[in-house]
Amino acid sequence: MIIAIDGPAGSGKSTIARRLAERLRLTYLDSGALYRALTYMCMRDGVDLGDVPAVVKFLEALDIDLQYAAGRQRVLANGRDITAEIRDPAVTRQVYYVAKEPAVRKEMVAHQRAFGKRGDLVAEGRDMGTVVFPNADFKFYLDAGADVRAQRRHRELREKGMEVPLEQLRKEIEQRDRTDMERKVAPLKRAEDATVVDTSDMTIDEVVEHVMERIEKGRK
Ligand code: CDP
């Protein structure tokens with residue numbers, strides 16, 4: 001079984017996908033973590049993010065691994081733990097460089113499909129239902145107003161000890177929505193057969209219950 005969850009930043013995808021994976025005992029695939037890991041490692045090793053052939057070559061030699069234990073995700077690149085580093089706002093701002101490149105996405109899609117071959121999956125990102133797993137058994141598109149999403153991200157960062165002004169975060173989220181939706185390859189959009197869930201006024205538990213009900217109904 002494959003469950004695809006797409007949507008913009010702060011729509012609740014990661015939290016919901018993680019909860020579903022636990023409840024249904026599926027593997028959780030955080031595709032955004034792969035794009036973030038590549039971006040961070042390029043920045044760290046001085047690979048010019050605008051030099052596409054260099055980035056692709058770098059990616060081919062990069063071993064990115066996503067691990068889950070005791071409800072916690074760890075992201076490893078060439079064996080080094082970069083879990084915290086990839087969430088840094090400085091990385092978030094630069095991801096679009098690699099995410100808009102067809103050659104990069106081609107590699108990433110192959111990597112993500114390899115996860116699917118290992119077994120049942122909850123896959124979360126921007127193009128899970130449209131490009132990577134078009135035949136997914138269930139597709140959801142989570143959304144929420146920009147203000148709510150900025151507030152959620154603000155809280156998340158604060159919990160990690162990072163203070164970014166709310167207004168700045170809202171602007172950055174809107175900018176990222178635009179670049180994600182307007183890029184030529186695999187733009188963020190709802191798959192035609194995806195169920196839209198507006199999470200603006202819902203708690204995490206409510207979203208999980210709503211999505212679970214859909215899945216249970218669909219499995220009968
Ligand atoms: O958690 P948040 O929604 O902020 O971001 P993410 O899911 O970690 O993704 C970070 C960025 O990676 C997005 O803004 C996209 O530009 C890119 N991405 C993508 O292009 N395709 C995916 N399947 C997942 C992420």
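One-based numbering, in listed order, for ligands and for the atoms of each.
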Tyr96 N/O under 3.5 Å from ligand 1 N/O: no
Part of Arg87 with heavy atoms under 4.0 Å of ligand 1, whether side chain, backbone, both or neither: side chain
Path from Leu121 to Val109 over hydrophobic side-chain contacts below 4.5 Å: yes
Atom indices of ligand 1, in the order listed, that fall short of 4.0 Å to a heavy atom of Lys13: 3 (O), 7 (O)
Contact check: Asp127 vs ligand 1, nitrogen or oxygen atoms, below 3.5 angstrom: yes
Enumerated ligand 1 atoms positioned under 4.0 Å from heavy atoms of Ala9: 3 (O), 4 (O)
Heavy-atom nearest neighbour in the protein, as seen from atom 5 (O) of ligand 1, with distance rounded to 0.1 Å: Arg36 NH2, 3.4 Å
Check: Asn78 main-chain N/O paired with Asp63 side-chain donor or acceptor under 3.5 Å: no
Residue, atom name and distance, where the atom is the protein heavy atom closest to atom 24 (C) of ligand 1: Ser31 OG, 3.4 Å
Check: Arg176 N/O within less than 3.5 Å of ligand 1 N/O: yes
Candidate pair Thr92 and Arg36, rule side-chain hydrogen bond (donor to acceptor under 3.5 Å, both in side chains), full reasoning: CA-CA 7 Å; Thr92 307; Arg36 286 173 178 275; 3.0 Å; yes
side-chain contact (heavy atoms from CB on, under 4.5 Å) evaluation trace for Met128 with Ile3: CA-CA 9 Å; Met128 298 299 104; Ile3 302 173; over 6 Å; no
Hydrophobic cluster identity match, Val75 and Val98, side-chain contacts under 4.5 Å: yes
Any N/O pair Asp180/ligand 1 closer than 3.5 Å: yes
Arg183 touching ligand 1 at heavy-atom level, < 4.0 angstrom: yes
Cluster check Leu166, Ile173: I/L/V/M/F/W/Y, side chain < 4.5 angstrom: no
Sub-4.0 Å heavy-atom contact, Arg105 with ligand 1: yes
Residue among Arg87, Arg74, Arg18, Lys13 satisfying salt bridge (charged side-chain N to carboxylate O under 4.0 Å, His left out) with Asp30: Arg87
The one among Glu156, Glu172, Arg93, Arg153 that brings a heavy atom closest to atom 1 (O) of ligand 1: Arg153
Hydrophobic cluster identity match, Ile204 and Val122, side-chain contacts under 4.5 Å: yes
Protein heavy atom at shortest distance from atom 12 (O) of ligand 1: Val95 CG1, 3.3 Å
Which segment of Met128 sits under 4.0 Å of ligand 1 when only heavy atoms are counted: side chain
For atom 25 (C) of ligand 1, the protein heavy atom that lies nearest, with its residue and separation: Gly32 CA, 3.6 Å
Verdict with supporting geometry, Asp65 and Gln67, side-chain hydrogen bond (donor to acceptor under 3.5 Å, both in side chains): CA-CA 6 Å; Asp65 194 19; Gln67 298 181 353; 3.2 Å; yes
Parallel, tilted or perpendicular, as decided by the 30° and 60° cut-offs, for the rings of Phe115 and His111: perpendicular
Heavy atom of the protein closest to atom 7 (O) of ligand 1 (residue, atom name, distance): Arg126 NH1, 3.2 Å
